[in-house]
Amino acid sequence: MLNRKQIADGVYFSKITDSRFKQNLISVNFLTQLSDETVSLNAVIPGVLTNSCRAYPDLSKLNAKLAELYGAGLSGATTAMGDTQCVEIAIKTLDTRYALEGEDITSEGVQILLECLFTPLTENHGQDSAFNGAVVENEKQSCTDDIEAELNDKRLYSLRQASRLLLESEPAAVSPAGTLEGVAAVTAKSLYGAYCRLLETARVEILCVGCNDFNTAEKLISDAFAAVSRGSVQDCFSSASPLKSQLLEHTETLDVNQSKMVLGFKCVSDDGEFCGDYDAISFMTKIYGGTPTSKLFENVREKLSLCYYCWAKYNRAKNVVFAECGVESDNIGKTRDEICAQLTAMQEGSFGELEINHAMLSIENDFKAVGDSLSGLKTWYLTHIYLCDVITPAEAIERYSKVAADKARIVAAAKSVVLDTVYVLDVTAEVDK
């Protein structure tokens, strides 16, 4: 069970202790609103902070120290939760009880994490302070490679483009990975300024997961943040996405072998307000397109053979549903019609106990698997903290069981789902020939 407290202005410390594990994960997450102006800068920061620090001025020295701690692992990442960008720095170590006598692996791991966070490798001083130029250029290339990899994965590319159109003019339309142009414009000095802004203004969620009691870690981390001059802390939040006044349809052509289509839906009630029955919408999406026995998979893909894959997923933070498929160009129209027809069937209650049971089993399997890994537990609780809905996976299963017992609630959720945006990535005429 989560134990969470505030340890500084806008800084929260959470611990989840589970005796089944032999390792511990300490994850520091800076939450800041997604913005075109800062997203690329923030995307480069994790790589720079986990590359070196003042105590270990190059990657070989840092890795050598981590190896001494029984192969501890330092990692960084940028992700998105709704309208918010999450910049994470984390370390995973063996718990002290499994080390040789006299070794405090957990505390040493926390110290390394704090050194990377608060005493990074820098050049110059005062207003001219900057990160090490060579390190920054190296990490910029890594970010560029990641962005290009997403562009080359047409399924991910299609989802990103559809999301950008669906959530147009909203922070969530911005990719947390940044842009090629934005990353190219990053300098050692501008990056250091962005890092300082995160330390001073970002909401910070620290999650410790493992078999430790994390009391020592809490003291070390609290003391470190007490020395930071915190300014006006950002109020990070996500708002449900409003329905467009008319359906947006967009087709893009590229040299691809297989067309992609993404349908974006908004969830609204009869009076035009946002539908807030999140559990029911999530459950409905499972029946609609979230499992190999879902309506989309069994009908659109299997029975009618209209596409290569067909799935649906729900984004609770923005209260939107995506349906995606890989399809031959000639079948785009038919596939779109059938995806919408299956939603209509959901809205008319054309599903039975077997489909409800399959969805419930899938949800139970998903939630029971959360506790199988440190990262799974960390992601679960960080997400639910952000959503202001902190529950355990077991409590979530209980809530979804109540949805499964109320078919009318599932139907009402389906009726709230309205088509807002259609994005198609089609093959070019040259490839089509």
Side-chain angles (χ1 to χ4, degrees), residues 1-4 14 16 18 81-82 207 209 237-241 243 265-299 311-323 342-373 376-418:
M1 184 64 185
L2 181 77
N3 184 322
R4 181 171 179 260
S14 301
I16 304 101
D18 190 327
M81 293 186 292
L207 285 89
V209 189
F237 62 92
S238 284
S239 56
S241 185
L243 185 68
F265 302 86
K266 304 286 179 70
C267 303
V268 296
S269 56
D270 291 336
D271 57 4
E273 297 298 319
F274 301 118
C275 179
D277 195 351
Y278 305 116
D279 292 344
I281 298 172
S282 181
F283 198 102
M284 182 281 301
T285 306
K286 276 285 186 182
I287 300 175
Y288 178 49
T291 72
T293 59
S294 66
K295 284 191 168 295
L296 293 185
F297 190 87
E298 287 200 334
N299 293 289
W311 297 95
K313 63 178 181 179
Y314 175 53
N315 181 331
R316 174 175 165 176
K318 296 301 296 180
N319 209 21
V320 298
V321 174
F322 289 96
Q342 293 304 319
L343 177 61
T344 299
M346 291 292 303
Q347 295 169 340
E348 294 173 348
S350 183
F351 56 93
E353 287 299 314
L354 184 62
E355 290 162 291
I356 292 173
N357 291 338
H358 283 166
M360 190 65 223
L361 285 171
S362 177
I363 288 168
E364 287 179 349
N365 288 336
D366 290 346
F367 291 176
K368 287 178 180 178
V370 167
D372 291 343
S373 68
L377 282 169
K378 183 269 298 181
T379 300
W380 173 275
Y381 282 106
L382 178 61
T383 300
H384 282 268
I385 287 170
Y386 179 75
L387 295 172
C388 300
D389 182 26
V390 180
I391 56 173
T392 66
E395 290 169 338
I397 290 174
E398 184 63 30
R399 281 193 354 194
Y400 279 90
S401 296
K402 293 178 181 178
V403 177
D406 189 349
K407 182 176 179 178
R409 191 174 163 191
I410 303 171
V411 171
K415 289 180 177 178
S416 77
V417 178
V418 180

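Excluded from the calculations below are hydrogen atoms, water molecules and symmetry mates; all remaining heavy atoms, backbone and side chain alike, are included.
Across all non-hydrogen atoms, the minimal contact from Phe297 to Thr291 is CB-O, 3.8 Å. The two residues Ala280 and Val403 have their closest heavy-atom pair at CA-CG1, 3.9 Å. The two residues Tyr400 and Ser282 come nearest to each other via the heavy atoms OH-OG, 3.2 Å. The shortest heavy-atom contact between Ser238 and Ala317 is CB-O, 3.6 Å. Considering every non-hydrogen atom in both Phe265 and Leu343, the closest pair reads CE2-CD2, 3.6 Å. Between Ala323 and Leu296 the shortest heavy-atom distance is CB-CD1, 4.3 Å.
A 6.0 Å sphere centred on CZ of Phe367 holds more than 12 heavy atoms belonging to other residues, nucleotides or ligands. For Lys407, the NZ atom sits in a packed shell: over 12 heavy atoms of surrounding residues, nucleotides or ligands are nearer than 6.0 Å.
Gln347 CD to Tyr288 OH: the interatomic distance, rounded to the nearest 0.5 Å, is 9.0 Å. Between the CG atom of Leu243 and the OG atom of Ser416 there is a distance of 11.0 Å, given to the nearest 0.5 Å. Rounding to the nearest 0.5 angstrom, the gap separating the CG atom in Leu377 from the CG atom in Leu382 is 12.5 Å. From Leu361, atom CG reaches atom CD1 of Ile356 across 12.0 Å, with rounding to the nearest 0.5 Å. Rounded to the nearest 0.5 Å, atoms CG (Asp277) and CG (Asp279) are 6.5 Å apart.
With a 4.5 Å cut-off on side-chain heavy atoms, Tyr381 and Ser14 do not count as touching. In this structure the side chain of Val417 never reaches within 4.5 angstrom of the side chain of Met346, judged on heavy atoms. In this structure, Tyr314 and Lys286 have side chains that are not in contact, with every pair of non-hydrogen atoms separated by 4.5 Å or more. Contact of the His358 side chain with the Ile287 side chain is not registered, since no non-hydrogen atoms from C-beta on lie closer than 4.5 Å.
The salt bridge (charged side-chain N to carboxylate O under 4.0 Å, His left out) check on Lys318 picks up Asp83, Glu170, with sequence neighbours excluded. With sequence neighbours excluded, the residues forming a salt bridge (charged side-chain N to carboxylate O under 4.0 Å, His left out) with Glu355 are Lys295, listed by chain and number. For Asp406, there are no salt bridge (charged side-chain N to carboxylate O under 4.0 Å, His left out) partners at least two apart in sequence or on another chain.
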Applying salt bridge (charged side-chain N to carboxylate O under 4.0 Å, His left out), run through Arg316 and Asp389 and close with a yes or a no. CA-CA 11 Å; Arg316 174 175 165 176; Asp389 182 26; 3.0 Å; yes
